[in-house]
Protein chains: 2
Amino acid sequence: MTQLPSFLDEPDDTRGAIMKATYDALCEHGYSDLTIQRIGNEFPKSKSLLYHHYDSKDDLLLDFLEFMLAELEGQMPAYRDGSADEHIADIVDRTFAFGSTEKNPHFTQALLELRTQAAHDEAYREYFTRSDRFVRKHVAHTIQSGIEQGVFQEVDPQETAALFQIVFVGTMTQRVTSDDDDVLRAGRAMFDQCLRARLLRPE
Amino acid sequence: MTQLPSFLDEPDDTRGAIMKATYDALCEHGYSDLTIQRIGNEFPKSKSLLYHHYDSKDDLLLDFLEFMLAELEGQMPAYRDGSADEHIADIVDRTFAFGSTEKNPHFTQALLELRTQAAHDEAYREYFTRSDRFVRKHVAHTIQSGIEQGVFQEVDPQETAALFQIVFVGTMTQRVTSDDDDVLRAGRAMFDQCLRARLLRPE
DNA sequence: GGGAGTTAATTGAATATTCAGTCAGTAGAT
DNA sequence: ATCTACTGACTGAATATTCAATTAACTCCC
């Protein structure tokens, strides 16, 4: 089968095991066909045990969302030194690689499924709004550094980070919901050119 | 309540009424909680009638997807004359306005919900892959015109259209799944600048 | 150390509800 | 009389949730 994301490998505690089971079931069946039964099937212990740890299916899924977002935020690189343009290049790399690398591509899929629930679920929306803001702040900060370092032109860091965000969720949605994998390659090529034209300071 | 998209206003035929009912139920409950019962509730006639017109829930939903994609493609402007840069400006306008205008913003929401199903459903994925390709071809063609007209720099039309596609699905996903409506405004500002820097021919 | 008492983990079976899909039959048009 | 649109009642399967009962672990007193 596919390689599991490391954060779900060999969970020792019960919560970890439940998260892994939920993850597996979600990847296999999708959110709309996700049942307690199916989570239970991926779970070494019994299905009833899930109710010992969570009040309801909803409760469990909300905890799972928190778990996934924490993981996503944890994946963010901490740049301590080096030039900002390399950091941005790295961010672009990660953006377009997201979901296509050695790690289980199902992670992206699961994340999009959860995200789409935000359309109808207040709680989900709040989670994602918060998480997005966190990521954007990080990107904006990197851009700000680049401007101060003199490698970037004087763009608005907030606005630039916002575009990064849009492109990020765009690639994520596109990758998961389309067979046409050339779109990402081509889109990235143009995005790179755009950034070079507007963001990078010509030397 | 919210304004209905015109294409669903006062359907006279049965199919139209079923599409509207499905649309309403989808918007209200989301794909994962979409049941035949709930479609039936939004439907003036009885729930059993749905089975008179469709073999199964799946069958109905697939027809609904076709219906929505036809509507989406139908919304695309046909540019007969005028300069390509105005057309592109219009496309950008529509991209970022998508889901925020007088028409029911739920249209976007419904579309994203359907789109997300493509993660697990082959048939859905094929539909969207085809629809995306259709839209991209249109955008690429407009860009090609612009290059020939001499208003655009010599970019690769395919790649540029691909970036448009990513930004389009990105705004769509972002709008529906986040409370932070400033992201779209800010992202657009930067996207405009990028296009000006890379696409538009300086005069 | 060892039993008595308390709590947490765990299970399989049961319950109540929801869901997709069926069917026998009505009403109206041709 | 036949066909088509249409209906309400019905069903079996699936689903979330509960529960009574069992086991494992931990604690407090002797």
Side-chain angles (χ1 to χ4, degrees), chain A residues 8 10-67 110 113-114 116-117 119-124, chain B residues 8 10-67 110 113-114 116-117 119-124:
Chain A
L8 284 171
E10 316 172 13
D12 42 354
D13 56 335
T14 309
R15 188 200 180 219
I18 295 180
M19 296 296 100
K20 171 164 161 39
T22 307
Y23 177 80
D24 288 341
L26 182 58
C27 289
E28 188 167 349
H29 305 284
Y31 190 94
S32 56
D33 291 326
L34 186 63
T35 68
I36 287 284
Q37 179 66 56
R38 283 174 171 154
I39 296 175
N41 290 151
E42 308 292 325
F43 188 47
K45 311 284 178 71
S46 94
K47 160 186 111 175
S48 344
L49 184 56
L50 299 174
Y51 284 96
H52 188 257
H53 292 276
Y54 296 97
D55 287 344
S56 64
K57 183 186 175 187
D58 228 54
D59 191 31
L60 192 163
L61 258 33
L62 231 47
D63 188 45
F64 179 66
L65 173 59
E66 206 164 354
F67 178 79
E113 298 232 48
L114 290 174
T116 304
Q117 299 316 307
H120 291 91
D121 194 312
E122 188 71 26
Y124 279 56
Chain B
L8 284 170
E10 315 171 14
D12 41 354
D13 56 335
T14 309
R15 188 200 180 218
I18 294 180
M19 295 297 100
K20 170 164 163 38
T22 307
Y23 177 81
D24 288 341
L26 181 58
C27 289
E28 188 166 351
H29 303 285
Y31 190 94
S32 59
D33 290 326
L34 185 63
T35 69
I36 288 283
Q37 179 66 59
R38 282 173 172 156
I39 296 175
N41 290 150
E42 307 292 326
F43 188 47
K45 311 284 178 73
S46 90
K47 160 188 118 174
S48 338
L49 184 56
L50 299 174
Y51 283 97
H52 184 69
H53 291 275
Y54 294 97
D55 286 345
S56 66
K57 182 187 177 188
D58 230 53
D59 190 31
L60 192 163
L61 258 32
L62 231 47
D63 187 45
F64 179 67
L65 173 59
E66 208 164 350
F67 178 80
E113 298 242 34
L114 290 173
T116 305
Q117 298 316 306
H120 289 92
D121 194 313
E122 188 70 26
Y124 279 55

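A, B, ... follow the sequence lines: proteins, then strands. Residue 1 opens every chain. All values below come from the heavy atoms of this structure, side chains included, with hydrogens, waters and symmetry mates left out.
Atom OH of B/Tyr51 and atom C1' of C/dA24 are 18 Å apart (whole Å). The interatomic distance linking B/Lys47 (NZ) with C/dT22 (P) rounds to 11 Å, in whole Å. Distance CG (B/Asp33) to P (C/dT17): 18 Å, rounded to an integer number of Å. A/Ile39 places its CD1 atom 12 Å from the P atom of D/dT15, with the value rounded to the nearest Å. As rounded to whole Å, 16 Å separates atom P of D/dT4 from atom NZ of B/Lys45.
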Output, in order, the C-alpha distance, side-chain angles, deciding distance and verdict of side-chain contact (heavy atoms from CB on, under 4.5 Å) for A/Arg38 and A/Asp33.
-> CA-CA 9 Å; A/Arg38 283 174 171 154; A/Asp33 291 326; 3.5 Å; yes

Can you list the steps and then say if A/Leu34 with A/Leu61 is a side-chain contact (heavy atoms from CB on, under 4.5 Å)?
-> CA-CA 10 Å; A/Leu34 186 63; A/Leu61 258 33; 4.1 Å; yes

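Nearest approach of A/His120 to B/Glu28, heavy atoms of both residues: CD2-O, 3.6 Å. The minimum heavy-atom distance linking A/Ala119 with B/Glu113 is given by the pair CB-OE2, 4.3 Å.
At a threshold of 4.0 angstrom between heavy atoms, the contacts of A/Leu49 include nucleobase atoms, whether or not backbone atoms are also involved. As judged by a 4.0 angstrom heavy-atom cut-off over every strand, B/Leu34 is placed among residues touching the sugar-phosphate backbone only.
Counting heavy atoms from C-beta on, the side chains of A/Glu42 and A/Lys20 never come closer than 4.5 Å.
Between A/Tyr124 and A/Tyr31, the two ring planes are perpendicular [angle over 60°; tilted spans 30° to 60°].
For C/dA13, the OP1/OP2 oxygens have no side-chain nitrogen or oxygen of A/Ser46 closer than 4.0 Å.
Non-hydrogen atoms lying under 4.0 Å from DNA chain D are contributed by B/His52, B/His53, all within residues 52-59 of chain B.
For B/Ser48 and D/dG8, a side-chain-to-base donor-acceptor distance below 3.5 Å is present, hydrogens and geometry of angles not being considered.
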